[in-house]
Undergrad: 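Let me begin by handing over the structure; questions about it come next.
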There are 2 protein chains.
Amino acid sequence: MDDGQIPSSSQSPWLPFESRRRARDEKREAVLRTAVALFLEQGYHGATLNEVARRLNITKPALYNYFRGKDEILYECWSIGNELVDDCIAETSVSTGSGLSKLRKLIVRYAELMTEDYGKSLVRFDLRDLSEDNRKIVQTAKRRIDRAFRDYIAQGVEDGSVKPCDAKLAAFAIAGSLNWIGHWFQPGGEMTGRAVAEEFAIRLTEGIATTATRKTAQKAAVPAAEKADKPPRNGNAPREDESEHHTRAAARAAGQSKRARGRLR
Amino acid sequence: MDDGQIPSSSQSPWLPFESRRRARDEKREAVLRTAVALFLEQGYHGATLNEVARRLNITKPALYNYFRGKDEILYECWSIGNELVDDCIAETSVSTGSGLSKLRKLIVRYAELMTEDYGKSLVRFDLRDLSEDNRKIVQTAKRRIDRAFRDYIAQGVEDGSVKPCDAKLAAFAIAGSLNWIGHWFQPGGEMTGRAVAEEFAIRLTEGIATTATRKTAQKAAVPAAEKADKPPRNGNAPREDESEHHTRAAARAAGQSKRARGRLR
DNA sequence: ACTATTTATTACCCGTGGGTAATATACGGG
DNA sequence: CCCGTATATTACCCACGGGTAATAAATAGT
């Protein structure tokens with residue numbers, strides 16, 4: 001079935017027996033990358049710290065140099081995902097355009113996140129496995145995400161780009177579809193994450209949008225704004241907006257001083 | 001915090017110390033009712049068999065008279081939920097009407113299921129906690145459910161009641177919204193399960209429907225069928241169709257002879 | 001009433017895996 | 001070159017909870 005000799009998978013900073021002198025934070029992140037993948041693969045309870053360590057060519061106790069325990073690793077995985085979502089929200093909220101326009105942008109970004117490991121961790125991990133404190137943080141953040149969807153919808157209703165509807169339920173419906181992506185999507189399938197995201201942005205808004213979605217027929221019903229809403233559905237353009245996907249996440253990658261960092265001796 | 005003396009919760013056939021002479025199957029089901037509630041409340045791994053037993057006024061080993069082990073209990077919970085879904089599908093598939101009409105019916109039924117314990121078990125439990133064999137059964141059944149959604153959509157596209165679209169993605173989007181209900185809904189909130197279900201049936205189909213949804217304007221575009229599609233949105237009528245929610249489930253309640261029944265000595 | 005069968009209880013086992021203590025090795029600075 | 005610190009390893013602990021064996025209590029049949 002399985003025996004030793006990991007094929008030096010992905011890229012572990014601990015090459016079997018050579019120079020293991022990388023920066024601390026790089027190792028920390030490597031642990032998280034491995035952990036989130038394993039947690040998704042086997043489930044939090046099915047995955048063992050021994051296996052996480054094994055995949056990194058180290059042993060379990062070494063992990064405790066970087067984390068207080070298993071549940072903290074889980075929390076940190078979730079936390080990274082949350083920072084990515086925050087970036088999505090921040091990006092979309094500063095963008096100009098109607099409520100519908102912002103909603104669509106958020107859907108695309110969020111959907112694509114759900115096709116990646118850290119995004120999935122937001123919806124596949126069980127809050128009850130976290131410590132009391134961390135659980136509260138997560139719950140608060142979840143409400144923030146929900147609020148973003150709801151706000152854009154309400155905003156759209158006001159500016160006329162979205163049909164009048166119950167913002168709360170509409171947000172649940174949309175977020176549900178998107179979150180579910182994290183359960184079924186796996187890379188290597190017929191569609192790329194980006195493609196799924198764009199398709200969902202259309203599908204999930206065409207029910208509540210006042211304007212026609214597909215291409216023509218911008219029937220002149222929108223009172224204000226609605227500028228660069230959507231370049232009319234280019235098949236596979238080289239994503240024009242790779243500018244800076246990481247606002248807060250980039251900060252974390254560089255600075256990274258806050259947040260517990262392993263056993264405090 | 002908590003101490004002994006369970007307040008004889010719900011209705012346990014094992015009243016603390018009196019007549020415990022119920023039929024075997026009734027006890028079996030009582031175990032499942034308690035187990036599914038506890039699993040949802042604390043998560044499968046967080047819940048212990050000791051606690052399940054405690055809530056039933058018995059002790060852990062007694063459970064092994066009815067089930068082979070914890071994972072079998074999990075499977076049986078899931079299995080009941082699956083039978084309920086099968087009923088939904090069976091009901092809707094024999095109903096007359098357009099593809100859209102069937103789709104809406106299925107959505108309503110399925111959504112309401114997601115507000116109940118056994119329905120939630122379909123989407124909140126982790127397949128990886130099941131035995132190899134049972135996991136295969138579940139996966140097969142899941143595909144069947146997905147197929148039902150997809151078929152109705154495809155059917156609707158053909159008969160003109162649904163706009164042309166990718167049936168697979170549309171089904172994922174709809175099922176995602178519905179499955180997510182099982183994660184956020186809890187009874188006692190502002191809306192009843194039924195209300196949520198009806199609202200979702202509208203919301204999730206108005207994007208892909210060719211006919212106007214709300215009330216008037218049946219613009220004459222549907223080529224065939226489309227009979228008793230929907231009584232125009234009665235606020236809280238006493239659900240006209242309580243006829244027989246349980247086809248297969250009813251059979252199980254009465255006959256119930258198949259399926260492993262505890263330790264075979 | 002006596003016995004066979006079912007169903008429950010008490011007492012126990014033990015594998016698993018998170019977590020820790022003691023210790024060794026590598027690294028960087030004076 | 002030596003020492004302090006950071007980082008890793010080996011060896012271990014032990015709580016938890018699923019599962020079992022032995023046994024007792026209840027039930028049904030004749």
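Lettering of chains follows the sequences in order, A, B, ..., and the numbering in each one begins at 1.
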Undergrad: Assess the side chains of H45(B) and D129(B): does a donor N or O sit below 3.5 Å from an acceptor N or O?
TA: yes
Undergrad: Have a look at A47(B) and say if it touches a base, only the backbone sugar-phosphate, or nothing, with a 4.0 Å heavy-atom cut-off.
TA: sugar-phosphate
Undergrad: Would you mind telling me which of dG18(C), dT9(C), dA8(C) lies closest to the side-chain atoms of K70(A)?
TA: dG18(C)
Undergrad: According to side chain to side chain contact (heavy atoms under 4.5 Å, CB included), who are the partners of A197(B), at least two apart in sequence or on a separate chain?
TA: V108(B), A111(B), E112(B)
Undergrad: Does a donor on one side chain and an acceptor on the other come within less than 3.5 Å for Y118(A) and N82(A)?
TA: no
Undergrad: Measure from the side-chain heavy atoms of I58(A) and tell me the nearest of dT9(C), dT9(D), dG18(C).
TA: dT9(D)
Undergrad: Which nucleotide, dA8(C), dG17(C), dT20(D), lies nearest any side-chain atom of T48(A)?
TA: dG17(C)
Undergrad: Separation of R54(B) atom CZ from dT10(C) atom C1', in whole Å?
TA: 19 Å
Undergrad: Please report, rounded to the nearest Å, how far the P atom of dA6(D) is from the NZ atom of K27(A).
TA: 13 Å
Undergrad: Rounded to whole angstroms, how far apart are CG on N50(B) and P on dT9(C)?
TA: 12 Å
Undergrad: With a 4.0 Å limit, can you tell me whether T59(B) has a side-chain N or O closer than that to the phosphate oxygens OP1/OP2 of dT9(C)?
TA: yes
Undergrad: Can you see whether Y44(A) has K70(A) sitting over its ring - NZ or CZ less than 6.0 Å from the centre and within 45° of the normal?
TA: yes
Undergrad: Using whole Å, what does the distance between atom C1' of nucleotide dC16(D) and atom NE2 of H45(A) come to?
TA: 13 Å
Undergrad: Does a side-chain N or O from R24(A) land closer than 4.0 Å to OP1 or OP2 of dA6(D), or not?
TA: no
Undergrad: Of all the nucleotides listed (dT9(C), dG18(C), dT7(D)), which has the minimum atom distance to the side chain of Y66(A)?
TA: dT7(D)
Undergrad: Has the side chain of K60(A) got a donor or acceptor atom sitting under 3.5 Å from an opposite partner on the base of dG17(C)?
TA: no
Undergrad: Please report the distance, rounded to the nearest Å, between CG in D129(A) and C1' in dG17(C).
TA: 15 Å
Undergrad: Looking at dA21(C), dT7(C), dT20(D), which one has an atom nearest to any side-chain atom of Y64(B)?
TA: dT20(D)
